[in-house]
Every structure is written in C-alpha cells, then in structure tokens.
Amino acid sequence: MLIRKEEAKDYEIVCSVVKSAFDSAEHTDGNEHNLVKALREGKAYIPELSLVAEINGKIAGHIMFTQAEVINNAVLALAPLSVLPEYQRKGIGAALIKEGHKIAKRLGYGYSVVLGSEKYYSKFGYLPAAIYGIKPPFDVPGKNFMAYKINETAPDIHGIIRYAKEFGID
Ligand SMILES: CC(C)(COP(=O)(O)OP(=O)(O)OC[C@H]1O[C@@H](n2cnc3c(N)ncnc32)[C@H](O)[C@@H]1OP(=O)(O)O)[C@@H](O)C(=O)NCCC(=O)NCCS
C-alpha cells in the first residue's frame with residue numbers, strides 16, 4: 001500500500017472513491033464528494049493533508065484534513081474519510097489516518113477533530129473532544145464528537161470549533 005499526497009490528476013478518481021464509499025455508509029448526506037471538491041477550492045484546504053491510498057496503482061482510499069479554528073487556535077477537522085467498499089476492513093482507513101497524523105504533527109497542529117463512530121476513531125487515539133475543552137457547533141452525542149491530541153504538548157483549548165465554511169455549518 002502506498003499513501004501519498006493527492007494530485008490534480010487524481011481528482012476524478014477520488015470523487016468516485018468518495019461517492020462509492022459513502023453509498024454504503026451508515027451516516028451520509030450523499031454529498032461528500034462535492035464537499036471534497038469545495039474544500040479543495042477553499043481557504044481551509046491543506047494540500048499536504050489530502051491523501052490517497054494506492055493498492056497496486058489503484059486509488060482505494062482518500063482522507064482529507066482541513067483547517068478549522070477553536071477561538072484563535074488552528075486545529076484540524078478530519079473529514080471525509082473514504083475507502084472503496086471492496087477494500088474495506090483491510091487497514092486502509094487506519095493507514096490514511098496514521099499517515100495524516102504524522103504529517104499534521106510535522107506541520108505543527110495540536111489537535112485533529114472528527115465527528116464519527118466512537119468505536120472506529122477510538123482505535124486511533126480519538127477521545128471525546130470535551131476532554132480537551134473543544135465543543136461542537138451543533139447538537140451531537142458527546143461520544144461521537146472526538147479529538148486526537150497530535151502534539152503531546154498542545155495546551156487545552158476551550159471553545160466551539162469553527163469548521164471551514166464549505167461544511168455549511170454556520
Ligand atoms: C469507515 C471506513 C473509512 C473504515 O476504513 P477501513 O479501511 O475499512 O478501516 P480499517 O480496515 O483501517 O479498520 C481499522 C480497524 O477499525 C475496524 N473497523 C473498520 N470499520 C469499522 C466500523 N465501521 N466501525 C467500527 N470499527 C471498524 C476494523 O475492524 C479494524 O479493527 P482492528 O484494527 O481491530 O482490526 C470505511 O469503512 C468507509 O469508507 N466507510 C464509508 C464512509 C464512512 O463512513 N466514512 C467515515 C465517516 S466519519
């Protein structure tokens with residue numbers, strides 16, 4: 001498996017990977033592929049943190065972390081994460097998350113925030129974000145709004161997260 005930065009030549013394939021992954025997802029608005037496109041064109045886009053997973057030259061997974069803010073602290077929002085149905089449960093999602101965390105640490109980010117399954121993301125060190133003082137801008141069960149401390153020395157940050165405007169949250 002090769003995890004690498006997404007390039008412009010990958011955009012079309014990535015769009016279909018995201019679409020197929022979420023076609024069979026438990027929680028979806030059917031719009032995740034358009035969100036990826038919009039995020040790429042927005043201010044919160046971090047090219048180093050839009051990654052693809054290749055298996056024998058074929059893109060089987062994609063992850064995107066974009067910049068968000070808690071008061072005046074830059075944090076990351078992990079969304080979306082997509083693995084082609086026929087490639088799921090083979091460690092691709094795990095590899096994308098871990099590589100993303102490594103790059104995020106090098107880039108100096110303190111936290112990554114995700115909204116998702118507590119059973120899945122807890123495998124990668126995500127805890128309820130409330131532990132770090134990070135609050136969601138919407139109503140959601142506390143267990144599903146999680147954060148990962150990328151840098152051990154990152155201080156607690158108290159406040160509501162502001163996502164990139166492309167998420168259409170505020
Ligand atoms: C969720 C998703 C990204 C997981 O990717 P994946 O490559 O299948 O996951 P991995 O193989 O890396 O799984 C890592 C671990 O999580 C477990 N796992 C996989 N999917 C899981 C799920 N939906 N719920 C709980 N645990 C899960 C695996 O069994 C594995 O556990 P192990 O390390 O103890 O063996 C993939 O199923 C997907 O694209 N789903 C549709 C889109 C979606 O829901 N994205 C997440 C939005 S928040």
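Worth saying up front: this structure is predicted, and the values here are computed from it rather than measured.
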Shared hydrophobic cluster for Phe145 and Ile160 (ILVMFWY, side-chain gaps under 4.5 Å)
no
Report all side-chain donor-acceptor pairs from residues 36-46 shorter than 3.5 Å, counting only partners two or more places apart or in another chain.
from: Arg40; atom 1: NE; to: Glu6; atom 2: OE1; distance (Å): 3.1
from: Arg40; atom 1: NE; to: Glu6; atom 2: OE2; distance (Å): 3.4
from: Arg40; atom 1: NH2; to: Glu6; atom 2: OE2; distance (Å): 2.6

Check ring pair (Phe, Tyr, Trp, His ring centres under 6.0 Å) between Tyr120 and all other residues, then give those that pass, not counting sequence neighbours.
Phe124
Does Leu96 belong to the same Ile/Leu/Val/Met/Phe/Trp/Tyr cluster as Ile55, with side-chain heavy atoms less than 4.5 Å apart forming each link?
yes
Considering all heavy atoms of both residues, which atom of Ala104 and which atom of Leu49 are nearest to each other, and what is their separation?
N-CD2, 4.1 Å
Pairs of donor and acceptor atoms involving the side chains of residues 16-25, under 3.5 Å and at least two apart or interchain, shall be tabulated with distances.
from: Ser16; atom 1: OG; to: Ile13; atom 2: O; distance (Å): 2.9
from: Ser20; atom 1: OG; to: Ser16; atom 2: O; distance (Å): 2.8
from: Ser24; atom 1: OG; to: Ala21; atom 2: O; distance (Å): 3.4

Ile92 and Ala53: which non-hydrogen atoms are nearest, and at how many Å?
CG2-CB, 3.5 Å
Partners of Lys9 by side chain to side chain contact (heavy atoms under 4.5 Å, CB included), sequence neighbours excluded?
Arg4, Glu7
Once you round to the nearest 0.5 Å, how far does CE of Met146 lie from OG of Ser117?
6.5 Å
Show the atom names and distances, to 0.1 Å, of all donor-acceptor pairs under 3.5 Å that link a side chain in residues 162-169 to residues at least two apart or in another chain.
none

Restricting to pairs with a member in residues 91-107, which pass side-chain hydrogen bond (donor to acceptor under 3.5 Å, both in side chains), not counting sequence neighbours?
His101-Tyr126
Could you list the donor-acceptor pairs under 3.5 angstrom formed between side-chain atoms of residues 64-89 and any protein atom two or more places apart in sequence or on another chain?
from: Gln67; atom 1: OE1; to: Tyr109; atom 2: OH; distance (Å): 2.6
from: Asn73; atom 1: ND2; to: Val70; atom 2: O; distance (Å): 3.0
from: Gln88; atom 1: NE2; to: Val83; atom 2: O; distance (Å): 2.8

CG/Leu51 to CD1/Ile59 distance, rounded to the nearest 0.5 angstrom?
11.5 Å
In this structure, would Phe138 and Ile161 fall into the same cluster of hydrophobic residues linked by side-chain contacts under 4.5 Å?
yes
What one should report as the nearest heavy-atom pair of Val52 and His62 is CG1-CD2, 4.0 Å
Qualifying side-chain hydrogen bond (donor to acceptor under 3.5 Å, both in side chains) pairs with a residue from residues 26-35, counting only residues at least two apart or across chains
Thr28-Glu32, Asn31-Asn34
Indicate the atoms forming the closest heavy-atom contact of Gly142 with Pro128, along with that distance.
O-CB, 3.9 Å
Find out if a path of hydrophobic residues (ILVMFWY) with successive side-chain heavy-atom gaps under 4.5 Å connects Val114 to Ile131.
yes
Pairs satisfying side-chain hydrogen bond (donor to acceptor under 3.5 Å, both in side chains), at least one member in residues 138-153, at least two apart:
Glu118-Asn144, Asn151-Thr153
